[in-house]
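The chains referred to below are lettered A, B, ... by the order of the sequence lines, with proteins before strands, and numbering in each begins at 1.
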2 protein chains.
Amino acid sequence: MTDAPRRKRVPRAEREQQILAAAEEVFAERGFQNTSMDEVSLRVGVSKPMLYEYFTSKEGLLLACVARIRADLHSTTLGAMAAAEAGGPRAVLEAGLEAYFDFADRHGRAWAVLLNESVIVAGPAEEAIEAIRGQQTRLLEDVLGRWLADASPTRVAVLAHGLVGASERVARWRLRDGSGTGPRETAVLLADAFWPGFAEVETSANP
Amino acid sequence: MTDAPRRKRVPRAEREQQILAAAEEVFAERGFQNTSMDEVSLRVGVSKPMLYEYFTSKEGLLLACVARIRADLHSTTLGAMAAAEAGGPRAVLEAGLEAYFDFADRHGRAWAVLLNESVIVAGPAEEAIEAIRGQQTRLLEDVLGRWLADASPTRVAVLAHGLVGASERVARWRLRDGSGTGPRETAVLLADAFWPGFAEVETSANP
DNA sequence: CTTCTCTACCTACTCTCAGTAGGCTACCCG
DNA sequence: CGGGTAGCCTACTGAGAGTAGGTAGAGAAG
């Protein structure tokens, strides 16, 4: 009946993952601002100084969450696009968009908080978040650069950033009001809007 | 030599504007998170309780700043688009985009912090910010709805939200790396990307 | 089995800062 | 020239980010 002295020792890597999982949950529920480190530590079942030992600061913890989910998103969309390679550029575009919206669906609020609404600061953390976001844009710049070999880098940049921004906002709209529209359908609608703008790519179509 | 007893009484409406101006500055410099109410009050030359009297909370102050700058942006772009009406839809689109990028240029970091990076919370403030943001989207939905009279509301929504998202991200990119590209040039590039997606509008062109 | 040591872990603080209680005073109006 | 009110202040409370300094479990070495 005396309460269990359940101090269970766990290797660092594993605890880090537990902490990230709990933090992602709480951030998604309450938002970054309204989350206290005490609450995260409570939910993991570990004391606060551990969080600081492993992640330096509250911002650091947020950054780690963002990095993790971004990496997941990146490999997911990359995989989908690679799988659609045979269908030609248009199919690749649609596959990437669909994978993105599907990812957003599966991760719900965590996606919105961590990828869109969370940036807070004007200091190094902002840089860090933008850098992580840059992965996605660079991926698109690569692909678009290959398709539009003779377009100016500026044009490629505008298209890539524009497409990323459009995806984010459309995904957010779906989360709030537009959930009646499925990932596939949404992807096609957005691709329809953007595709004709890629004038030069009109060569290889679906089989 | 005894320091001035400069308690200068100022009517409420005027003080509110002073406070908003100072807050916008500090938020832009430090970011929301790293700004203390004490610092804002110091800069205005007024004591902290005044800020709370007029704006309820730190979030409330942020919200007021956002609302103000959003309203400014809204009327600016609206005006530019109205002025371009005679040139046809394509000219209206370009004018709106150019006004947007120009606005972002003029407001520098304040724009980035207040319109893009500042949303913080999961509670009512998030709703409020989204509502303010909604102005812009609704404006576009109106215009697009008129141009694409026979398109489904879903398609119009995707286009409107997509275009807003694209503008935001492209503007942000310009602020960081792409400032070599002027507002006009950027607007044309983005319009080129999106325009052909508005298939049905191809009727009225420039004189 | 004992001791050594390394790393996971904790309790108990400090300090900054959002938000408030309660009162004062400049200015207008009669 | 005395109210009355609107603008203003000093001086607090409480929450929560971040830290100092120490405890203890588990494997290695004897």
Side-chain angles (χ1 to χ4, degrees), chain A residues 2-23 26-27 29-65 118-125, chain B residues 2-23 26-27 29-65 118-126 128:
Chain A
T2 50
D3 66 347
R6 60 186 155 76
R7 195 125 43 95
K8 183 68 174 303
R9 248 177 129 109
V10 166
R12 175 165 185 150
E14 192 179 329
R15 259 288 134 79
E16 279 178 353
Q17 291 307 312
Q18 292 177 2
I19 294 173
L20 286 176
V26 188
F27 284 148
E29 280 170 29
R30 301 230 196 300
F32 177 77
Q33 181 82 350
N34 300 330
T35 294
S36 79
M37 292 297 265
D38 286 292
E39 168 141 19
V40 175
S41 75
L42 209 76
R43 201 169 298 198
V44 191
V46 115
S47 73
K48 201 164 43 150
M50 294 266 58
L51 309 189
Y52 286 91
E53 173 101 22
Y54 290 164
F55 299 99
T56 312
S57 69
K58 192 182 175 187
E59 253 176 47
L61 183 54
L62 174 70
L63 240 51
C65 287
S118 58
V119 187
I120 307 301
V121 291
Chain B
T2 49
D3 67 347
R6 59 186 156 76
R7 193 126 42 97
K8 182 66 172 305
R9 254 174 124 112
V10 166
R12 175 165 182 149
E14 193 178 329
R15 259 289 133 79
E16 280 177 353
Q17 292 307 313
Q18 293 177 1
I19 294 172
L20 285 176
V26 188
F27 285 148
E29 279 169 28
R30 302 228 196 302
F32 178 76
Q33 180 81 351
N34 301 331
T35 295
S36 78
M37 292 298 264
D38 285 292
E39 168 139 21
V40 175
S41 75
L42 208 75
R43 200 168 301 197
V44 191
V46 114
S47 72
K48 202 166 39 152
M50 293 266 58
L51 309 189
Y52 286 91
E53 173 100 23
Y54 290 163
F55 299 99
T56 312
S57 68
K58 191 183 175 185
E59 254 176 47
L61 184 54
L62 174 71
L63 239 51
C65 287
S118 58
V119 188
I120 307 303
V121 291
E126 185 187 7

Whole-Å distance between [N] [atom2] and [X] [atom1]?
{"X": "B/Glu53", "N": "C/dA21", "atom1": "CD", "atom2": "C1'", "answer": "13 Å"}
{"X": "A/Gln18", "N": "C/dA8", "atom1": "CD", "atom2": "P", "answer": "13 Å"}
{"X": "B/Arg12", "N": "C/dA26", "atom1": "CZ", "atom2": "C1'", "answer": "18 Å"}
{"X": "A/Glu16", "N": "C/dA8", "atom1": "CD", "atom2": "C1'", "answer": "12 Å"}
{"X": "A/Met50", "N": "D/dG18", "atom1": "CE", "atom2": "C1'", "answer": "14 Å"}
{"X": "B/Glu39", "N": "C/dG19", "atom1": "CD", "atom2": "C1'", "answer": "18 Å"}
{"X": "A/Glu14", "N": "C/dA8", "atom1": "CD", "atom2": "P", "answer": "12 Å"}

Between [X] and [Y], which heavy-atom pair has the shortest distance, and what is it?
{"X": "B/Tyr54", "Y": "B/Glu16", "answer": "CD1-CG, 4.0 Å"}
{"X": "A/Arg43", "Y": "A/Ala22", "answer": "CB-CB, 4.5 Å"}
{"X": "A/Cys65", "Y": "A/Ala23", "answer": "SG-CB, 3.8 Å"}
{"X": "B/Lys58", "Y": "B/Thr35", "answer": "NZ-O, 2.8 Å"}
{"X": "B/Phe27", "Y": "B/Leu62", "answer": "CE1-CA, 3.8 Å"}
{"X": "B/Met50", "Y": "B/Val46", "answer": "CB-CG1, 3.7 Å"}

Do any N or O atoms of the protein come closer than 3.5 Å to N or O atoms of nucleotides 15-18 of chain C, and which pairs are they?
from: C/dA18; atom 1: OP1; to: B/Thr35; atom 2: O; distance (Å): 3.1
from: C/dA18; atom 1: OP1; to: B/Lys58; atom 2: NZ; distance (Å): 3.3
from: C/dA18; atom 1: OP2; to: B/Met37; atom 2: N; distance (Å): 2.8
from: C/dA18; atom 1: N7; to: B/Lys48; atom 2: NZ; distance (Å): 3.2

Separation of A/Gln33 CD from B/Glu59 CD (nearest 0.5 Å):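 Answer for the CD-CD pair, B/Glu59 versus A/Gln33, is 6.5 Å.
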How many angstroms lie between atom OG of A/Ser36 and atom CZ of A/Arg30, to the nearest 0.5 angstrom?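 Answer for the OG-CZ pair, A/Ser36 versus A/Arg30, is 8.0 Å.
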Check this for me: does the side-chain of B/Arg9 come within 3.5 Å of the base of C/dT25 through a donor and an acceptor?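 Side chain to base: pair present.
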Expected rows: protein N/O vs nucleotides 2-4 of chain D N/O, under 3.5 Å:
none

Using a 4.0 Å heavy-atom cut-off across all strands, classify A/Phe55 as base, sugar-phosphate, or nothing.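 The residue A/Phe55 makes no contact with any strand.
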Test A/Arg12 against A/Arg15 for side chain to side chain contact (heavy atoms under 4.5 Å, CB included), laying out the working first. CA-CA 5 Å; A/Arg12 175 165 185 150; A/Arg15 259 288 134 79; 5.8 Å; no
Output one line per pair: protein atom, nucleotide atom from nucleotides 2-5 of chain C, and distance, for all N/O pairs under 3.5 Å.
none

Looking at side-chain heavy atoms only, is the closest gap between A/Leu61 and A/Leu20 below 4.5 Å?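 A side-chain contact exists here, since the closest heavy-atom pair is under 4.5 Å.
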Report yes if at least one side-chain N or O of A/Arg15 is closer than 4.0 Å to OP1 or OP2 of C/dT7; otherwise report no.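 For A/Arg15, the contact criterion (side-chain N or O under 4.0 Å from OP1 or OP2 of C/dT7) is not met.
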Starting from the 5' end of DNA chain D, give me the residue, B/Pro11 or B/Pro49, whose nearest nucleotide shows up first.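 Result of the comparison: B/Pro11.
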